[in-house]
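Have a look at the structure below before the remarks.
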Amino acid sequence: MKLETDAQPFNLNLTLDAGQAFRWQKDKKTGCRSGVIRGQLIHISQTSDKQLEFKCAPGPDNAVAEMLRSYFRLDGSYNEMRHSISRDSQMTGLTKQHKGLRLMRQEPWECLISYICSATNSVQRISESMENLSEKWGKELRLGDCIRHTFPTPTDLAAADEDELNALIKGIPTLGFRVKSAAQMVCDGSLNLTALAENPSCSEVVKELKNLNGVGDKIANCVALFSLDKTDAFPVDRHIARGLIQMGFSGSQKQAQDYFGKYAGYAGQLIFHHTRTTHHTRTNES
DNA sequence: ACCCAGGTGTAGG
DNA sequence: CCTACACATGGG
């Protein structure tokens, strides 16, 4: 099924490879992307600047098209967002250089668990860990030759054995405990992600998320930005901190957040992608 | 061996 | 408010 984008720049692969979401795979032969959203396996590829093509299972379902519009923010807000954060020539340059990199709107529960597991970890290992959890507890989905799994539910992970979680999640050993305790809080209602999505206050949402074990400023801002629609959230990790300092900022979260304003998180995402993709090629510097 | 990876929690100034 | 440090693991 075809899906027209809004008439604003969109680059599917750039968006999916920018380190926001962790469970989009790429077919080595066709380049087609496969991922799971809301229990549906999606195959999607970009056929032109303004057109995507997708299949899904179970499906087909016209509602998936609207779901994808929301997921990739194909709502016509992209140019406003780019314009809003172009506060100086450096940021204007970054918006042009990484044109088509969209801010995604992920599913809150999966996003929360993904970023809990991101602490002192690498994008690749986070991806492997999330795939391990899905293969262990998720429901199997098939589309052609492709087999993927839904993400485990809060109930699944709340009941999971902590040692088994630790074995499946790469990184520091306490991640299993953190994941299980977050799942339990979602199950018993002490964390209500739906309510947080509806709360317009970024600072209130961040404060709530920080009640979770292993969730500090950075991870709380990631979840708020990438899944709870708080475009002013501004996560600062090591890459962004380095990027900010190179750009003449102090590196303080609040200063940059205030400077970039309503869509600060998108500015941060551009800085993250830029510093992460350009640093490796810099060999002769000092 | 050393450095790095989308940090957090705690202690101390 | 800030800075410093322990924590802990796999891959370059």
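Sequence lines set the chain letters: A, B, ... in the order given, protein chains first and strands last, and positions in each chain run from 1.
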| query | Should A:Arg69 and A:Glu66 count as an ion pair when the cut-off is N to O under 4.0 Å? | reply | yes
| query | Is it true that A:Asp17 and A:Arg33 have a side-chain N and a carboxylate O under 4.0 angstrom from each other? | reply | yes
Contact class for [X] (heavy atom, under 4.0 Å): base, sugar-phosphate, or nothing?
| X | value |
| --- | --- |
| A:Gly19 | base |
| A:Ile219 | sugar-phosphate |
| A:Glu128 | nothing |

Starting from [atom2] on [N], measure out to [atom1] on [X] and report it in whole angstrom.
| X | N | atom1 | atom2 | answer |
| --- | --- | --- | --- | --- |
| A:Lys210 | B:dT10 | NZ | P | 12 Å |
| A:Ile116 | B:dG9 | CD1 | P | 10 Å |
| A:Leu212 | B:dG9 | CG | C1' | 15 Å |
| A:Asp217 | B:dT10 | CG | P | 15 Å |

| query | Do A:Thr153 and A:Asp156 have side-chain N/O donor and acceptor atoms under 3.5 Å apart? | reply | yes
| Between A:Thr15 and A:Arg102, is any side-chain donor less than 3.5 angstrom from a side-chain acceptor? | no
| request: Can you tell me, in whole Å, how much space there is between the C1' of C:dT3 and that of B:dA5? | output: 22 Å
| query | What about A:Arg238, does its side chain sit under 3.5 Å from the base of B:dA5 through a donor-acceptor pair? | reply | yes
Compare the minimum distances between each of [options] and the side chain of [X], then state the nucleotide with the smallest one.
| X | options | result |
| --- | --- | --- |
| A:His239 | B:dA5, C:dA8, B:dG7 | B:dA5 |
| A:Lys218 | C:dG10, B:dG7, B:dA5 | B:dG7 |
| A:Ile172 | B:dG7, C:dA8, C:dG10 | C:dA8 |

| field | First of A:Arg125 and A:Asn213 reached from the 5' end of DNA chain B, by closest nucleotide | value | A:Arg125
| remark: Between A:Val215 and A:Ser118, the residue closer to the 5' end of DNA chain B by nearest nucleotide is A:Ser118
